[in-house]
Amino acid sequence: MRVLVTGGAGFIGSHVVAVLRERGHEAVVFDMREAPGDDVRDPAAVGRALAGVDAVCHQAAMVGLGDGVADAAAYVSHNDLGTAVLLAAMAEAGVRRLVLAGSMVVYGEGRYECPRHGGVRPGPRAAADLDAGRFEPPCPVCGAALAPGLVGEDAPADPRNVYATTKLTQEHLAAAWARCTGGSAVSLRYHNVYGPGMPRDTPYAGVASFFRSALARGEAPRVFEDGRQRRDFVHVRDVA
């Protein structure tokens with residue numbers, strides 16, 4: 001197969017390219033880092049890149065959690081407009097297979113169980129509670145202590161920042177494209193990805209390596225708040 005990998009020079013994208021080539025496929029890299037003119041928001045550039053392509057792995061995105069809503073336009077432009085341009089070009093070129101780099105941030109704050117009210121979705125934590133060392137959110141109905149649980153992929157979407165909203169919008173755009181064209185769209189909702197080539201310019205970059213380095217020195221990793229929070233990590237090779 002000939003596979004177009006947008007963001008193919010990036011952290012996850014470069015590993016996807018390597019695995020594709022290892023398995024005998026032809027990987028076409030489309031990335032602004034390698035060619036400044038290769039912007040996924042440019043219909044002409046995307047159209048040229050799709051020539052002879054059988055499938056697309058869409059990794060190109062503006063990542064991070066954003067700075068309030070000040071950079072909302074940039075996130076929407078890179079993630080949602082870019083995805084819309086790509087999907088329109090795929091429809092015109094007759095490319096019908098898509099794998100999308102989704103994100104677990106679409107789930108919001110995770111899963112919590114109240115002993116009286118079952119599954120609940122607490123709101124943002126209050127500054128007064130954090131200042132007092134109360135880090136776990138209470139039940140929004142009765143105020144009781146909640147038990148955190150694992151989040152299943154069928155959990156309701158609850159995006160709580162600009163980045164999360166754009167990632168969910170990408171999925172809706174891909175679903176609309178699939179319905180219109182009869183194509184196949186799969187979104188992989190990554191959690192914290194780590195491994196060789198991990199970037200250092202994202203809010204959660206380096207956590208796994210920091211923990212490993214501390215343990216190697218015989219020190220306890222530095223954990224904020226009360227240490228009860230849960231976080232999944234997945235190696236980039238497994239993602240690829």
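Throughout, numbering of the chain's residues begins at 1 and tracks the sequence. The structure presented is a predicted model; accordingly, all values stated were derived computationally and were not measured.
To the nearest 0.5 Å, the span separating OG on Ser103 from CG on Asn192 amounts to 8.5 Å. The distance from atom CZ of Phe135 to atom CD of Gln229, rounded to the nearest 0.5 Å, is 9.0 Å. To the nearest 0.5 Å, the span separating CG on Asp80 from NZ on Lys167 amounts to 9.0 Å.
Heavy atoms of other residues, nucleotides or ligands lying less than 6.0 angstrom from CZ of Arg116 number 12 at most. Within 6.0 Å of atom CD in Glu92, 12 or fewer heavy atoms from other residues, nucleotides or ligands are found, so the atom counts as exposed in its surroundings. Within 6.0 Å of the CZ atom in Arg97, the count of heavy atoms belonging to other residues, nucleotides or ligands does not exceed 12. At most 12 non-hydrogen atoms from other residues, nucleotides or ligands lie less than 6.0 angstrom from CZ of Arg212. At most 12 non-hydrogen atoms from other residues, nucleotides or ligands lie less than 6.0 angstrom from CD of Glu153.
In terms of heavy atoms, Cys114 sits closest to Val120 at CB-CG1, 4.3 Å. Taking both residues in full, the closest heavy atoms of Ala185 and Trp177 are given as CB-CZ3, 4.0 Å, listed atom of the first, atom of the second, then distance. Residues Pro122 and Leu146 come closest through the heavy atom pair CG-CD1, 4.2 Å. The two atoms that bring Pro221 and Phe211 nearest to each other are CB-CD1, 3.5 Å, heavy atoms only. In terms of heavy atoms, Ala101 sits closest to Gln59 at CB-OE1, 3.4 Å.
The cluster map of Ile, Leu, Val, Met, Phe, Trp and Tyr, joined by side-chain heavy atoms under 4.5 Å apart, puts Val5 and Val193 in the same cluster.
Residues Met62 and Thr166 are not in side-chain contact: their nearest non-hydrogen atoms beyond the backbone lie 4.5 Å or more apart. Residues Arg41 and Ser77 are in side-chain contact: their nearest non-hydrogen atoms beyond the backbone lie under 4.5 Å apart. Between Leu4 and Leu50 there is a side-chain heavy-atom pair separated by less than 4.5 Å. You'll find the side chain of Tyr190 stays beyond 4.5 Å of the side chain of Met104, heavy atoms only.
Comment: Glu109 does not engage Arg125 in a salt bridge, judged by the lack of any side-chain N to carboxylate O separation of less than 4.0 angstrom.
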